[in-house]
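These notes concern the structure reproduced below.
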There are 4 protein chains.
Amino acid sequence: MSTWKNAVLGASEQFDRKREVLLREAAASFNRSGYHGTSLAEIAKKLGVTKAALYTYVPSKEELLYFCHDSAMDSAMEILVQARAGAGTGLQKLAATLRGYLNLMLGEDGSYVVLLEENAMKPVHMRAIIKRRDRFEQGLRDLVEEGIADGSIVSCNAKLAIFMIMGAMNWSRKWYQPSGSWSGAQIAVALTEILERSLAGTPVAQLIADPGSIEVEEPAEEAPVAKARRRPA
Amino acid sequence: MSTWKNAVLGASEQFDRKREVLLREAAASFNRSGYHGTSLAEIAKKLGVTKAALYTYVPSKEELLYFCHDSAMDSAMEILVQARAGAGTGLQKLAATLRGYLNLMLGEDGSYVVLLEENAMKPVHMRAIIKRRDRFEQGLRDLVEEGIADGSIVSCNAKLAIFMIMGAMNWSRKWYQPSGSWSGAQIAVALTEILERSLAGTPVAQLIADPGSIEVEEPAEEAPVAKARRRPA
Amino acid sequence: MSTWKNAVLGASEQFDRKREVLLREAAASFNRSGYHGTSLAEIAKKLGVTKAALYTYVPSKEELLYFCHDSAMDSAMEILVQARAGAGTGLQKLAATLRGYLNLMLGEDGSYVVLLEENAMKPVHMRAIIKRRDRFEQGLRDLVEEGIADGSIVSCNAKLAIFMIMGAMNWSRKWYQPSGSWSGAQIAVALTEILERSLAGTPVAQLIADPGSIEVEEPAEEAPVAKARRRPA
Amino acid sequence: MSTWKNAVLGASEQFDRKREVLLREAAASFNRSGYHGTSLAEIAKKLGVTKAALYTYVPSKEELLYFCHDSAMDSAMEILVQARAGAGTGLQKLAATLRGYLNLMLGEDGSYVVLLEENAMKPVHMRAIIKRRDRFEQGLRDLVEEGIADGSIVSCNAKLAIFMIMGAMNWSRKWYQPSGSWSGAQIAVALTEILERSLAGTPVAQLIADPGSIEVEEPAEEAPVAKARRRPA
DNA sequence: AATGAATGAGGGTTCATTCAT
DNA sequence: TATGAATGAACCCTCATTCAT
């Protein structure tokens, strides 16, 4: 009744299910206590299994971290791609991305891991992740440039702007409390609004005073997660 | 010739000096690899001494972390107090604080530690630090309210605004490279400008395009450090 | 197409076949890496099956080792018996045994395991194997005594002589390279010649200078293997 | 009273003493149960210390094995060098070396480890040890050639002869029992005699019938051990 | 004030073994 | 008959901490 968070299912997709649950649980722990501050025993305990059982799904703790990051980048990129595909000004697309990113990070199944203690990963993996993250941030910078060009965003240094935005967003999980008076979706809207204002060509005259009052319809469908890859032989 | 970073001095203030050097080195390591990812041996090696020697200056690793945080809060608070004492609108005071905070964090002897892996500290210490940090952030929120009142800042949710700002600032050390083309002081100015714009009652029409071109006079005096407290017997 | 080394066969003797293949593969691994240095996964992999599959043929790793030893002793004893049954002096019979033993050990399907890490086995099994080995060595000692009696062997201490011979022979697999310029059969002849000389009543005046030049006819028939015993329910 | 086998001593040479004791104990265990079959806990227990304490003297289990081998080769080489320096025929020098080698291996403080499970060592270390061992065996082969030249040894294949001899000697520790009726020194003499006979140009007409009756004066001085090398920083 | 040595408590990983399928 | 998943017991190693010197 309690192991594996009841992720048991039909047939052989159990493996993928369980693997996902593992990644999520691991990501949560890593975010809370850091990579080195998290023990496999801790994760295993939460899943109701033994340390050794984890090795069925992941070849090492280090790769567990890597998979978490990789999976997170899958989701983040998907959001960027969708926003980019939509219509609107550069600022609008940027805002859409930020909202999506925040929803992802503060969402319930947030397996999203912020890149910290990066040198905990093996160089190969670290480089891979940093590359993907850079690509994501480059996408954001491109949107800023697009906005500057179409007038929706003030003339500014795109690099610095995105650094600022990433910090403001990534930090949110440090202070966000699921049990608090603001929901993740509400924060996503309100925080995006402030960030938007910092770059908007024509800044709004007034910001949301109480995020808790924002009306949002929670997404019904499952959050997109990286397609689980079976461990290579 | 190399141990203790040559912090040797006159007489008994050697103790305090060495303690400070220890705190700084520890803070640097903690920031780089996280609390659990940093071993005392590592810190000791950088100081050219033995692990055991550290215990002369600090009763435990956990308290070392605590002292780092505490010392950081000393500095941060001092900056807030000074900014508050100056003249100007709420926004101006806020901006002054942010600039000072960023200079502190990106400064050379930045012993400043961002609060992460907080549960690594013992509850007592954690509460103490969180309390001080809350006081600091409350100060910032007060400045926001002051700004809203005097019209220099748009109507907004101060709590959310400060969360956003803290994130943007604290994140800076993740991407700031001392050897890069932007100096810490330049970033402090440029980043503050963006953050200012997000809240300003009358936002500037154009942001700095190249932080590297900002002229700043580096502060000559030493950064204020927490008065060393002798370890209680 | 590759599992079980294609030992598949008619009907139920498949079981015995597979079991033999397992023993051989295990013996090879044990000899290479030692008992503790060999994992069941390793053996299974070489056979193209899973760890778990091995338990169909063998109740435990420890008994796998035991069966290897037991099977080896079957073969060794058979050689001794045959040599003893032949005609000739004690020395001649001894030499025949040594040659046979070496051929067995260096042969292609050499499932022969030298007794090392003996305490890896459970006392019962260890005693059983040591008993058989002692019986084998006693047989050799008897041949020495026989040789001393009939004058073909010098007066000597049979115990010491056999210890010496066993060492020289068992050691051969450490340096023998199947891909080298000497075949196993050639080594068997040449090594036996030296060992013979150490005990011969009338030692030869010259030893083989190049074992690689020895002419030997490889035995066509399959090496005798212990009759497979089904695992008791 | 019992830890470290009371190897405690004057001042700072304690480190070297303890390290030697550790090597000896480890060698004994490795010989008995094999490398993989020996746990550090086992060794530590015998020394009356904790597992962790061993790491003061040796950086890893693998290097512990390496040091054992290396130390053994130091001793073996020394014996060869001394024998080579003496007067006499090739056979006499060879015999002297064998006797010395056996005494070393069967001696009380025999830290000597026979090379087995060689792939347990890291390639670098393995190569280093194999190189030294090859040098030793080459020395023995040279003595054989020398003997053939001066007529003291029959024409034979030196390589095969030395392989045979090494096996006979290395095997001795498998059957030698310190508590038995033959002392190590007695075995050294008797075994050398048989080995000598296998190669002697003019073989003796009679071998020792009872090694236990051999008179030997035990060496008073300490057995030569590799100069302890402090662990590099 | 500083060190080298030792400890005890984990931490990550492997492995023989079991079991439901 | 064979497999994938899970377990529990080691095992090697690291690390914060203590202590005699």
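Within every chain, numbering begins at 1; the chains are lettered A, B, ... in the order of the sequence lines, protein sequences first and strands thereafter. None of these values were measured; they are calculated from a predicted model.
Within the structure, every side-chain polar atom (N or O) of D:Trp4 is placed at least 4.0 Å from both OP1 and OP2 of E:dA5. For F:dA2, the OP1/OP2 oxygens have a side-chain nitrogen or oxygen of C:Lys18 closer than 4.0 Å. Dashed line: the shortest gap from a side-chain N or O of D:Tyr57 to OP1 or OP2 of E:dA6 is under 4.0 Å.
In terms of modelled atom types and a separation under 3.5 Å, the side chain of A:Glu118 and the main chain of A:Met126 share no donor-acceptor contact. Remark: side-chain polar atoms of B:Asn31 are paired, donor with acceptor, to backbone N or O of B:Ala27 under 3.5 angstrom. With A:Thr38 contributing its side chain and A:Gly34 its backbone, the two residues share a donor-acceptor pair below 3.5 Å. Panel note: side chain C:Thr50, backbone C:Ala53; no donor-acceptor pair is recorded below 3.5 Å.
Distance CD (C:Glu42) to C1' (E:dT14): 12 Å, rounded to an integer number of Å. For the pair A:His36 NE2 and E:dG12 C1', the computed distance is 13 Å after rounding to whole Å. Whole-Å rounding puts the A:Met121 CE to E:dG12 P distance at 16 Å. Atom NZ of B:Lys61 is separated from atom C1' of E:dG10 by 13 Å (rounded to the nearest Å). Straight-line distance from the CD atom of D:Glu13 to the C1' atom of E:dA5: 16 Å, rounded to whole Å. As rounded to whole Å, 6 Å separates atom P of F:dT17 from atom CG of B:Leu40. The distance between atom CD of D:Gln14 and atom C1' of E:dA5, rounded to the nearest whole Å, is 10 Å. When rounded to the nearest whole Å, the span between CD1 of A:Ile43 and P of E:dG12 equals 8 Å.
Note that the CD atom of D:Glu117 and the CZ atom of C:Arg32 stand 12.0 Å from one another [nearest 0.5 Å].
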Task: Which nucleotides of DNA chain E pair, in dot-bracket form (Watson-Crick or G-U under 3.5 Å, | meaning another strand) - done: .||||||||||||||||||||
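Of the two residues near DNA chain F, D:Ser60 and C:Ala53, the one whose nearest nucleotide lies more 5' is C:Ala53. Residue whose closest nucleotide on DNA chain F sits further toward the 5' end, between C:Leu54 and B:Tyr35: C:Leu54. Each of A:Ala41 and C:Thr38 was matched to the nucleotide of DNA chain E holding its nearest heavy atom; the match closer to the 5' end belongs to A:Ala41.
Taking only side-chain atoms of C:Thr56, from C-beta outward, the nucleotide of E:dG12, F:dT1, F:dA16 with the closest atom is F:dT1. Distances from the side chain of B:Thr50 to the nucleotides F:dG4, E:dG4, F:dC15 place E:dG4 closest. Checking F:dT14, F:dC11, E:dG12 against the side-chain heavy atoms of D:Tyr55 singles out F:dT14 as nearest.
For A:Lys51 against E:dG12, a side-chain-to-base donor-acceptor contact under 3.5 Å is present.
Under a cutoff of 6.0 Å and an axis angle of 45°, C:Lys61 and C:Tyr35 form a cation-pi pair.
When every heavy atom of D:Tyr57 is checked against every heavy atom of D:Lys18, the shortest pair comes out as OH-CD, 3.1 Å. Across every non-hydrogen atom of C:Tyr55 and C:Leu40, the tightest pair is OH-CD1, 3.4 Å.
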